[in-house]
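Since the structure comes first, as structure tokens, the remarks are kept for the end.
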Amino acid sequence: MKYSLLKSQKKFLEVPHNLEMDVCVYQGGFGSGKTWAGSLLGLLLALKFPGITGLVGAQTYALVRDTTLLAYFEHLENFGMFEGKDYIFNKSEQKIILKNGSVIMFRHFDEPNRLKSLNLGFVEIEEMSDIPYSTFKMLLGRMRQHIRPEWKSFKYRLFGHTNPEIQKGWVYKTFAQPKHPNFRLIQAPSTENIHLPKAYLENMKNLYDQNYYNINVLGHFGDFGEGNLVVKNFDENNVKTLCYRGDLPLHLSCDFNVDPMCWILAYKDAARVYIIDEIVLENTTTVRACEEFYRRYPMQRGKIIINGDASGDNRSCTSEYTNYILMRRTLSELGYRSVEVAIRTFNPPVKNRINAFNCLVKTQKGLRRLFIDPKCEKLLYNINNLRYREGTSIIDLPPYYKIKQEPESKFLGHPFDAASYLAEYYFPITLA
């Protein structure tokens, strides 16, 4: 099969220097062909240099299994190669062994010390910005496989593909301003991919806020301004006095931290979220929070839908019941007749919740789909003050000593978590 490469993919595959090792990251937007190009390069190296050992990995194995490994199988099929004849896939050891003796191993990087004994000819990293810099440096040190005499024009290759970092993390510092001539950054916008459906890019423009669009469509690094605020583009247009309607379905989205416990109360329709109130209690329990809800809204007749932290479905440390079972039982005892739970089986990555929330705040086209009543003081405090830790994509939460100095800071994090669980559950970033 003959492939037609995009301009950025061609730059990624070729090496423009004569140094012994090439280190490259392919940074692109959704649909820019990052994983496709990375797996193609790995397979080409395995075919060109018989007996080479390659390592393909990501921070979690699920990411490798569900994306990168499938891309390798796609290329093998397109090349007309058959399992059992041209290669073997050892499922127990998670590696592809080609007929020419090359081996491609698929691993996670959650325990990098287990990889220290490897001697590798190439390394491919899925979602490079997700792994720590220490793991990247360790993998550089594994590039030491013996070079066979028949390997003409061989170069060690460490390459990765990733969405751009939200903040100035180690990928930005290492590749945007490289100190080494063999470190390369390829930036590939989604708009370059002529093979995408016509409606694909327009759909993303309608769905995403400007900063998210710049990062995940145009392939730019994040907006490092705005004081590292987690929530972007929020202003007075997102704040509205909202009315309570006891006949409408009411969402309770919960973060079950004990001090403080934070719930947000919201209505939603097919496109928008209206947060009408918050319940933020210190040193409390799930039952007491339910009782506070009843004190405020005893006349709720519409359905109550409970959303929130998936870990709240685990057993409570103070009860044999999970938090959600406790909520349903307590609300039922208080007289509410229609209560249901709608949560994920596991929590999504924090960045997914942040992105979903920001896309409700304001899309790239300027559409605002999230409105918050001014009585939600703690949530608004979070929106205006929650920041990333300098140089990372990690939310900067206050340590214990800071909370003692500034008691108000203990409310940073949990109200936003409660709100963003709901945002991500009903409005995840999808391209359907």
Side-chain angles (χ1 to χ4, degrees), residues 230-231 234 238-246 248-269 271-282 284-286 288-297 300 302-313 323-324 326-328 330-331 336 339-344 347-348 350 352-361 368-386 395 397 408 410-428:
V230 171
V231 178
F234 189 93
N238 296 98
V239 181
K240 292 182 181 291
T241 300
L242 303 170
C243 296
Y244 167 67
R245 288 276 306 276
L248 295 179
L250 182 64
H251 293 264
L252 299 182
S253 190
C254 307
D255 179 273
F256 291 105
N257 189 58
V258 173
D259 186 22
M261 183 175 292
C262 302
W263 299 358
I264 65 104
L265 287 62
Y267 301 128
K268 76 165 199 69
D269 56 28
R272 297 172 179 83
V273 173
Y274 306 86
I275 299 178
I276 66 166
D277 201 358
E278 63 185 10
I279 295 175
V280 181
L281 302 176
E282 300 177 73
T284 194
T285 65
T286 302
R288 288 175 183 169
C290 288
E291 292 170 345
E292 174 61 20
F293 172 76
Y294 177 74
R295 186 188 69 80
R296 300 187 196 183
Y297 300 100
Q300 173 65 23
K303 181 187 297 184
I304 296 174
I305 303 108
I306 304 171
N307 308 117
D309 183 0
S311 63
D313 206 24
N323 284 295
Y324 291 112
L326 277 172
M327 286 187 70
R328 292 189 67 172
T330 304
L331 291 172
Y336 300 107
V339 181
E340 65 181 48
V341 176
I343 59 172
R344 297 210 179 279
N347 284 328
V350 175
N352 288 25
R353 291 195 281 114
I354 294 170
N355 291 333
F357 190 89
N358 277 325
C359 288
L360 286 174
V361 170
R368 297 183 186 273
R369 300 184 294 150
L370 174 71
F371 304 98
I372 302 176
D373 192 282
K375 73 165 71 74
C376 301
E377 295 179 358
K378 294 297 188 291
L379 178 56
L380 293 172
Y381 169 72
N382 272 248
I383 289 171
N384 293 323
N385 292 280
L386 207 56
I395 294 178
L397 298 176
E408 180 73 2
K410 79 187 243 181
F411 297 104
L412 279 174
H414 300 293
F416 176 76
D417 288 342
S420 60
Y421 285 127
L422 181 142
E424 195 281 332
Y425 185 85
Y426 291 108
F427 301 95

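Small disclaimer: the values here were computed from a predicted structure and weren't measured. When a residue number appears, it is its place in the shown sequence, counting from 1.
Taken from OH in Tyr294 to CG in Leu331, the straight-line distance is 11.5 Å, to the nearest 0.5 Å. A distance of 9.5 Å separates CD in Glu282 from SG in Cys262, rounded to the nearest 0.5 Å. Rounded to the nearest 0.5 Å, atoms OH (Tyr426) and CD1 (Ile305) are 5.5 Å apart. Remark: Ser420 OG to Asn355 CG distance equals 11.0 Å, nearest 0.5 Å. To the nearest 0.5 Å, atom CG of residue Leu379 and atom CD1 of residue Ile264 are 7.0 Å apart. Put simply, OH on Tyr324 and CD1 on Ile306 are 8.0 Å apart, with the number rounded to the nearest 0.5 Å.
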*Could you please spell out the steps behind the side-chain contact (heavy atoms from CB on, under 4.5 Å) verdict for Glu424 and Phe357?*
CA-CA 7 Å; Glu424 195 281 332; Phe357 190 89; over 6 Å; no

*Test side-chain contact (heavy atoms from CB on, under 4.5 Å) on Ile383 and Val361 and set out the steps.*
CA-CA 11 Å; Ile383 289 171; Val361 170; over 6 Å; no

*Tell me, with the steps shown, if Val231 and Leu386 meet side-chain contact (heavy atoms from CB on, under 4.5 Å).*
CA-CA 7 Å; Val231 178; Leu386 207 56; 5.9 Å; no

*Could you check Thr285 against Leu326 for side-chain contact (heavy atoms from CB on, under 4.5 Å), going step by step and ending with a plain yes or no?*
CA-CA 10 Å; Thr285 65; Leu326 277 172; over 6 Å; no

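Other residues, nucleotides and ligands contribute over 12 non-hydrogen atoms within 6.0 Å of the NZ atom of Lys410. Counted within 6.0 Å of CD on Glu377, heavy atoms from surrounding residues, nucleotides or ligands total 12 or fewer; the atom is thus considered open.
Evaluation of the salt bridge (Lys or Arg N to Asp or Glu O under 4.0 Å) rule for Arg296 yields Asp277, Glu292 as partners, not counting sequence neighbours. Taking Tyr297 as the reference, Tyr244, Phe293 meet the ring-ring contact (aromatic ring centres under 6.0 Å, His included) condition, with sequence neighbours excluded. Scored by the ring-ring contact (aromatic ring centres under 6.0 Å, His included) test, Tyr425 finds no partners at all (sequence neighbours excluded). Qualifying salt bridge (Lys or Arg N to Asp or Glu O under 4.0 Å) partners for Arg328, counting only residues two or more places apart in sequence or in other chains: none. Partners of Arg369 under the salt bridge (Lys or Arg N to Asp or Glu O under 4.0 Å) rule, at least two apart in sequence or in another chain, do not exist in this structure. By the salt bridge (Lys or Arg N to Asp or Glu O under 4.0 Å) test, Lys378 is found to be paired with no residue, residues two or more places apart in sequence or in another chain being considered.
Counting all heavy atoms, side chain and backbone alike, Met261 lies closest to Phe256 at CE-O, 4.0 Å. Pairing each heavy atom of Ile276 with each of Lys375, the nearest pair is O-NZ, 3.3 Å. Among all heavy-atom pairs drawn from Ala423 and Leu360, the shortest one is CB-CD1, 3.7 Å. For the residue pair Leu412 and Leu397, the shortest heavy atom distance occurs at O-CD2, 3.8 Å. Minimum heavy-atom separation, Trp263 to Thr286: CH2-O, 3.9 Å. In this structure, Ala289 and Thr284 approach most closely via the heavy-atom pair N-OG1, 4.3 Å.
Distance alone, capped at 3.5 Å, places no donor-acceptor pair between the Ser253 side chain and the Ala419 backbone. Of the possible donor and acceptor atoms, one in the side chain of Asn382 sits under 3.5 Å from a partner among the backbone N and O of Gly413. Between the side chain of Glu278 and the backbone N or O of Pro415 there is no donor-acceptor pair closer than 3.5 Å.
Ring centroid separation for the pair Tyr267 and Phe371 does not come in under the 6.0 Å cut-off.
Shown are Asp309, Asp417, Asn352; of these, the side-chain hydrogen bond (donor to acceptor under 3.5 Å, both in side chains) with Asn347 is made only by Asp309. Screening Ile304, Asn307, Leu265 for a side chain to side chain contact (heavy atoms under 4.5 Å, CB included) involving His251 leaves a single residue, Asn307.
Contact annotation: the side chain of Ile354 approaches that of Phe416 to within less than 4.5 Å [non-hydrogen atoms, C-beta and beyond]. Contact annotation: the side chain of Pro260 approaches that of Phe411 to within less than 4.5 Å [non-hydrogen atoms, C-beta and beyond].
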